[in-house]
Amino acid sequence: MIDLCPCRDTRLRTDPEDTKMTLFADIHATVLAALAAMEAEAVLPAGLDTRAVAVEPPRDAAHGDMATNAAMVLAKAAGMNPRDIATALAVKLAQDPRIASADVAGPGFLNLRLTPAAWRGVVAAILDQAGGYGRSAMGQGRRVNVEYVSANPTGPLHVGHTRGAVFGDALASLLDFTGHDVTREYYINDGGAQVDVLARSVYLRYLEAHGQEVAFADGTYPGDYLIEVGQALKDKVGDKFVDTGEQFWLAEVRDFATDKMMGLIRADLAALGVKMDMFYSEKSLYGTGRIEAALADLRGKGLIYEGVLEPPKGKTPEDWEPRSQTLFRSTAFGDDVDRPVMKSDGAWTYFAPDIAYHYDKISRGFDELIDIFGADHGGYVKRMKAAVAALSDNRVPLDIKLTQLVKLKRGDEELKMSKRAGTFVTLRDVVDMVGADVTRFVMLTRKNDAPLDFDVEKVREQSKDNPVFYVQYAHARIQSVLRKGAEIGLVPGGVDDLGAIQDPAELTLVAKLAHWPRLVESAAEAHEPHRIAFYLYELASDFHALWNKGNADAALRFLQEDDPAVTRGKLAMIRAVAIVISNGLGILGVSPAEKM
RNA sequence: GCACCCGUAGCUCAGCUGGAUAGAGCGCUGCCCUCCGAAGGCAGAGGUCAGGGGUUCGAAUCCCUUCGGGUGCGCCA
């Protein structure tokens, strides 16, 4: 049961035309060129390692628009005083028409101020690149597999899965946006005992559908969502399983129920706007020699052996007794103990098919693997990384991101129960309460490894307490102004009109837009999509501040009916803001609002 | 006992992979609409970046250690 989505566009994004220069990258290149020239002129010794040279916005805007640490990182290797290097570099850079001033500061920082014309060039570039602004080729078409959700097919997705789903999906989009060839994948845990439990639970509902009284013992799933599955089973097979033993119905009911549950899960994912490229079945690994093949690979490397594990220190389980098991030597890769791949009764542990699954991913030719797990799988990280390192001979990196718990609240009340699922609040409950857009954005307002409080009251407020609203409101305000401008025949202009952008608040906003491409790259590099959400909030904040200044100073309003040229320039600027918000929300899978 | 994650303003959290005087929101105090939507904005007070060592031009960030919180540790997945 492996299916590929045939509709996906898998072409690589390596067209160099896609790699537009951006302001920070541009200035960075300029700095490197100046350093190379200084080497050629023997101001600096030749052959310096310039990889640590950075061009960044200074933390304090009073220091300038950009700062470079070049002098300080090169000083030691060059055997020179950093301030001397900075001074010489400043002379070179000051010749660049985009650089208004270059000042040495502190221990050897070089602070750069750009000309207003350079900032205006950013606006022109954004309007030109539109949806492509911020898109990067840094991934060079590398094939990345992002595995996420991977919930057991035993019931609907709950809030915890929702966070993993949103995080994984946004990360995948971010990697796609930065030039990676991404596959979104779901691992179906349909090979273990939990699907037998599912089958037995559905069987009870099936008997119920035939009018019998049933009791749900411990270790069965009592959730309401199985009622219709029991009914559907009755519709399909009639009464042929009613008076038969488990050996006659277990396999068929299990397959039937698993299919139904995956249908449910796919629908849940669709409600959230998540679309997987591939669903990979654990069961397909059994009885096909694939687990054996993966373990044979490890055995050939001397990493599989028969042994007896020490009992865990501290609190030994009461029924603990030494048993010989088949073990994987994960300690060779930094794990604390070696891990069993086979239970003492000869059955595979969960780890064994997972090894085979990752072996399969490696053999499909991925250059990089990413797994998104819940925080309760933290103990699993080292052994999985060990297995991938061993299977790929250290060729394929595996990054495992853990998503922390979500505490769902309504004001001070904590929401825990869902009648439908019998246990947790479901993904569907959350999406029904606040909508997919809000759910997605809020799930990304924390780092993945930080716990998240999700207040379903607060996120429906239309105020700045609600970050989703705040960002969408900025976009809607811009669209409103653009519509209003169009009504009176004023539309965003081109590069010739951008002289209207002069006020410090306007230049601050434009500078923020210039940061977008490097923000995207650093977020992708770190596998941290939440940075996009925080950036969008800051951008919205800068925009709202400028908007408000228009209340006090009419010259800062975007529509100047008596001055079409200025209006065209200002409209171009705010359209650029809207483009960046739209691109950012697009990565997060949130739709930008046209009106509110 | 061991491993992993975390500890930043009264509260909830960012901090761009080592940069300059540590930021935002909430809360608190005081302001701003004859308004391109105030569904917003401005200003102020508030910090021993848990404590202690180390690495270097430079540490909230990297290393060691102590304390405190969370998660996990064969025969569940």
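Letters A, B, ... mirror the listed sequences (proteins, then strands); counts begin at 1.
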Considering only heavy atoms and no angle criterion, is a donor-acceptor pair shorter than 3.5 Å present between the side chain of A:R477 and the base of B:rC36?
no
Using the 3.5 Å cut-off, write out each protein N or O paired with an N or O of nucleotides 3-5 of chain B and the distance between them.
residue : atom : partner : partner atom : Å
B:rA3   : O3'  : A:K382  : NZ           : 3.0
B:rA3   : O2'  : A:K382  : NZ           : 3.3

Pick base, sugar-phosphate or nothing for A:P340, based on heavy-atom distances below 4.0 Å to the nucleic acid.
sugar-phosphate
Under 4.0 Å between any heavy atoms, over every strand shown, what does A:L519 touch: base, sugar-phosphate, or nothing? Just pick one.
nothing
Students often get this wrong, so: under 4.0 angstrom with heavy atoms, is A:Y470 touching a base, only sugar-phosphate, or nothing?
sugar-phosphate
When you compare B:rG15 with B:rC6, how far apart are their C1' atoms, in angstrom units rounded to a whole number?
16 Å
Contact class for A:F109 vs. all strands (heavy atom < 4.0 Å): base, sugar-phosphate, or nothing?
base
Sticking with atom C1', work out how far B:rA14 lies from B:rC49, rounded to a whole angstrom.
13 Å
Using nucleotides 42-44 of chain B, report all nitrogen or oxygen pairs with the protein that are shorter than 3.5 Å.
none

Contact list (N/O, under 3.5 angstrom) for nucleotides 31-33 of chain B vs protein:
none

So what does A:D354 hit on the nucleic acid, given a heavy-atom distance under 4.0 Å: a base, only sugar-phosphate, or nothing?
nothing
Taking the same atom, P, in B:rG68 and in B:rC26, what whole-Å distance lies between them?
35 Å
Does the side-chain ring of A:H63 sit on the six-membered ring of the B:rA20 base, less than 5.5 Å centre to centre and under 30° in tilt?
yes
